[in-house]
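Note: hydrogens, waters and symmetry copies are ignored here, and every other heavy atom, side chains too, is used. Start at 1 with the first residue, then count along the sequence.
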Amino acid sequence: QNKGKEMNVSLQWPINILTQQPDCIRTCKRVWIACLSPLLTTPVFDAIEQAKLEHSFNEDSDDCTIATIDEEFVAESSNYLKARALYLVKKIIYLSDKKWQEEFIPIVFEITQIQASVDQQLALDMARMGLNSLNTQLRLRGNDARSAVSDRINNGPIYEDDWSFSTTIVRGQGTVIREMCDTCSASSNDNTPVTCSDSSSISKTKATFKLGAPRSASAKPPSNKYLDTPNAIRDQLIAWAKYGCIEPSVISSTAKIACAPDATSFARSEDTIFVLLGATAELGPFDLLSQLGANIAVVSRPGYLSKLQKLVYDAMYKTDSVLYLPVRPREYIDRSRHLEDEYIRLSHSYNGLDIDDNLEDEIDRAGADIIIDLPEIVEWILTLGECKCAKCKTTERKNESSLPTDTEEPISKCQRKRLVIVNLASLMSPEDQVLVCAGMDMICEEVCKRRKDTSLCYYISPNTAHLVSEEASQESERRNREAPLWQKMLRATNIAFRPQGSWLRLPNTGLRVCNGIAGYKGHYYTLAKQSQIWRAMLARSDHHVVSANVGPSSRTDSMITSKFIRLALEGMQVVEPLVTFDVLPAKTLMAALMLYDLNFPNSTANPSVKLEHPMSMFLENAVHGGVWRCPYTVDSMGRVSYVVGHFKAPGKSPLGSISWKLIQYKSISDWEYEPDENFGRDEQKEGVERFDDTSVMQGSLSSFSEEITRAIVFS
């Protein structure tokens with residue numbers, strides 16, 4: 001019975017009328033077609049005929065793409081983009097489902113090239129149409145998902161079995177806010193428990209930013225997990241930038257967070273709530289935000305011995321943060337997921353402290369599933385940060401346009417907290433990955449529509465098609481020319497190592513698109529991550545602050561579960577400058593860049609900063625793991641990376657990517673640095689040039705020689 005109820009209310013793929021099965025692949029293909037639809041608003045056949053007559057355009061040719069034509073050709077023929085868009089639409093339609101899964105990479109890549117070649121408004125229209133198609137095709141409660149969510153927010157509970165989350169606010173150090181403050185309590189006229197976030201009596205502690213330390217070339221974890229001094233952080237950032245796995249702008253941006261004597265000022269604000277969608281994600285910023293004392297709304301799936309409960313108890317006793325928990329009514333608990341009767345009560349023995357049974361019961365019922373509880377989550381998020389006490393509650397005027405008279409007491413409206421929605425949720429199933437990303441997108445869309453001061457945060461996957469900087473593209477070309485002999489041999493046999501064709505300058509805009517799409521991750525993953533790029537562009541154009549930095553490939557549990565991916569992640573590091581990050585360095589670095597975007601107005605996350613193209617927002621602060629500066633496409637290195645991965649120790653970092661002092665000293669706590677007054681300024685390029693890492697680079701090449709030889713023979 002519970003399973004049937006869950007299937008009726010959860011976010012689902014549309015059903016194919018003929019097969020009565022979820023129509024997943026065709027739905028994805030329709031999304032890409034919808035993305036191209038803004039280019040087909042004029043008679044498309046006229047555009048094709050004109051292109052044929054003027055330039056002998058062959059619509060059946062795969063050799064002629066957006067990047068291979070010269071600028072003069074496009075300048076003379078404005079219809080070429082439309083003609084090429086129609087060709088891609090035809091190809092998507094005629095490809096069978098099986099063929100689509102095999103040949104989607106060049107199609108998606110060229111769609112992104114077209115989007116980067118058109119003007120700003122048309123690029124945004126392409127993103128908008130793609131998201132509209134995805135959100136309206138998915139089904140929720142017998143309607144399209146987008147309308148179902150809007151109806152719930154506009155009209156409240158519609159069905160008999162509709163319900164709403166309640167909120168439990170838990171403060172660090174074991175203090176739970178279960179009652180109103182004295183002022184609000186005195187003015188309240190009903191007996192309903194109301195939470196209040198008055199924190200004037202709570203002492204706040206100071207904290208500094210710490211960067212997770214990478215493992216050394218011996219694959220052994222460091223004795224100290226963190227780099228806790230600004231100069232230690234500086235040296236490692238410069239080493240990464242010199243090696244080529246991060247962009248130089250990351251150094252100066254992280255410096256502003258690392259050099260602050262009290263980093264809590266970047267996250268701890270009574271006027272801001274961080275809404276973490278997928279709070280238990282390994283790469284998420286929950287640990288850093290909780291250590292900095294932030295207000296955090298926790299959205300994570302409930303379940304038997306789930307990570308959510310441990311996350312809450314850790315934050316309660318180890319931090320002074322404030323957690324907002326969505327609590328499900330008892331009568332709507334799915335016991336197959338919660339298993340209350342068998343749940344091991346962690347709090348009875350947690351740090352030797354006791355929690356009252358009521359709070360413990362609320363924590364056990366906390367949690368929300370984006371796929372199953374989508375309308376309820378949107379409704380709950382919109383209530384965050386609004387005082388519900390009788391004194392602050394605002395009465396609605398019958399005529400909102402009328403002004404108050406002199407004798408009328410002015411209505412004081414309590415100040416609403418700013419929401420920062422961080423999109424982190426991810427699932428193992430490829431089909432569910434699209435659903436959860438679509439669910440997060442609809443949450444962001446509805447909340448941004450109703451709360452204009454909302455900010456969004458994304459971690460952009462490097463395995464997508466996105467813009468790359470001019471400097472990185474030139475570095476990629478140089479590495480391709482100076483590739484080692486063994487790589488040139490494999491490249492000549494067409495076995496692997498296809499040179500990057502994505503660095504060519506696009507017509508009209510002069511931008512360059514990175515083809516980081518990995519075939520082994522599949523077309524579902526590509527659509528899910530590309531949809532986040534689209535929403536980031538649209539939200540920024542609507543004057544929302546949007547932090548969207550490219551993140552690295554990391555050794556998360558979801559990645560290393562697959563043997564192929566686990567070995568490929570280790571083996572790909574044989575090609576410079578690719579680096580697979582450990583979870584701790586990746587999550588702390590990405591969290592620092594997010595805080596930079598939210599606190600410094602000169603960041604490109606700020607919509608007031610003018611950009612030449614909407615897609616240019618992803619060029620700053622990229623931690624791409626070397627994908628931008630790699631001479632080969634990611635998809636062409638899979639086989640060799642898998643083979644080399646058999647001969648590499650798990651967790652081993654390339655020697656050139658490690659700070660020299662991390663190699664020289666066994667314990668990070670033994671490091672002694674001289675203060676560097678330049679660190680923290682906008683002179684990151686000079687810092688990279690001053691860093692002499694020649695000996696490290698030579699050691700990196702020699703350490704791989706034996707492994708490369710064995711890999712070539714085995715291949």
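Using a 4.5 Å heavy-atom threshold, the side chains of Lys310 and Thr280 count as separate. Looking only at side-chain heavy atoms (C-beta outward), Ile257 and Phe600 come within less than 4.5 Å of each other. The closest side-chain heavy-atom distance from Phe581 to Trp240 is below 4.5 Å.
Looking only at atom types and distance, the side chain of Tyr525 has a donor-acceptor partner in the side chain of Ser461 under 3.5 Å away. Looking at Glu620 and Thr604, their side chains do bring a donor and an acceptor atom within 3.5 Å of each other. Ser164 and Glu376 share no donor-acceptor pair across their side chains, judged by distance under 3.5 Å alone. Checked by atom type, the side-chain pair Asp441/Ser531 shows no donor-acceptor distance below 3.5 Å. With hydrogens and angles left out, the side-chain atoms of Thr556 and Ser554 include no donor and acceptor closer than 3.5 Å. Side chain to side chain, Ser553 and Thr580 fail the donor-acceptor criterion of an N or O pair below 3.5 Å. Between the side chains of Arg418 and Thr454, not a single donor N or O lies within less than 3.5 Å of an accepting N or O. In this model, a donor atom of one side chain and an acceptor atom of the other lie less than 3.5 Å apart for Asp262 and Thr264.
To the nearest 0.5 angstrom, Ile370 atom CD1 is 5.0 Å from Ile443 atom CD1.
Listed here is the closest heavy atom pair of Gly367 and Leu308: CA-CD2, 3.5 Å. Residues Ala368 and Pro326 approach most closely at CB-CG, 4.3 Å, considering heavy atoms. Nearest heavy atoms, Tyr596 versus Ser603: CE2-CB, 3.7 Å. Nearest approach of Thr588 to Leu288, heavy atoms of both residues: O-CD2, 4.5 Å. The two atoms that bring Cys457 and Met594 nearest to each other are SG-CG, 3.5 Å, heavy atoms only. Here the closest non-hydrogen pair linking Ala267 and Leu595 is CB-CD2, 4.2 Å.
The backbone N or O of Leu584 sits nowhere less than 3.5 Å from a side-chain atom of Asp582 that would complete a donor-acceptor pair. Counting only distance, with no hydrogens or angles, the side chain of Arg535 and the backbone of Glu445 share no donor-acceptor pair below 3.5 Å. Not a single donor-acceptor pair under 3.5 Å links the side chain of Arg234 to the backbone N or O of Ala255. A distance-only check finds no donor-acceptor pair linking the side chain of Lys529 to the backbone of Asn463 [under 3.5 Å]. Counting only distance, with no hydrogens or angles, the side chain of Gln433 and the backbone of Leu427 share a donor-acceptor pair below 3.5 Å. Of the possible polar contacts, none joining the Asp369 side chain to the Arg301 backbone as a donor-acceptor pair under 3.5 Å is found. In this structure, Glu362 contributes its side chain and Ile169 its backbone to no donor-acceptor pair below 3.5 Å. The backbone N or O of Pro601 sits less than 3.5 Å from a side-chain atom of Asn606, completing a donor-acceptor pair. Judged by distance alone, with hydrogens and angles left aside, the side-chain atoms of Asn295 form a donor-acceptor pair with the main-chain N or O of Ser269 at under 3.5 Å.
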From CA spacing to verdict: salt bridge (charged side-chain N to carboxylate O under 4.0 Å, His left out), Arg566, Glu570
CA-CA 7 Å; Arg566 181 178 70 253; Glu570 302 300 336; over 6 Å; no
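Glu247 is linked by a salt bridge (Lys or Arg N to Asp or Glu O under 4.0 Å) to Arg629, counting only residues two or more places apart in sequence or in another chain.
Taking the six-membered ring where tryptophan is involved, the planes of Tyr317 and Tyr313 are essentially parallel, since the angle between them stays under 30° and well short of 60°.
Counting heavy atoms of neighbouring residues, nucleotides and ligands inside a 6.0 Å radius, atom NZ of Lys210 does not exceed 12 of them.
Within the structure, salt bridge (charged side-chain N to carboxylate O under 4.0 Å, His left out) pairs that include any residue of residues 583-598 comprise Asp287-Lys587 (at least two apart or interchain).
Under the 6.0 Å cut-off for aromatic ring centres, Tyr324 and Trp380 do not qualify, their centroids lying 6.0 Å or more apart.
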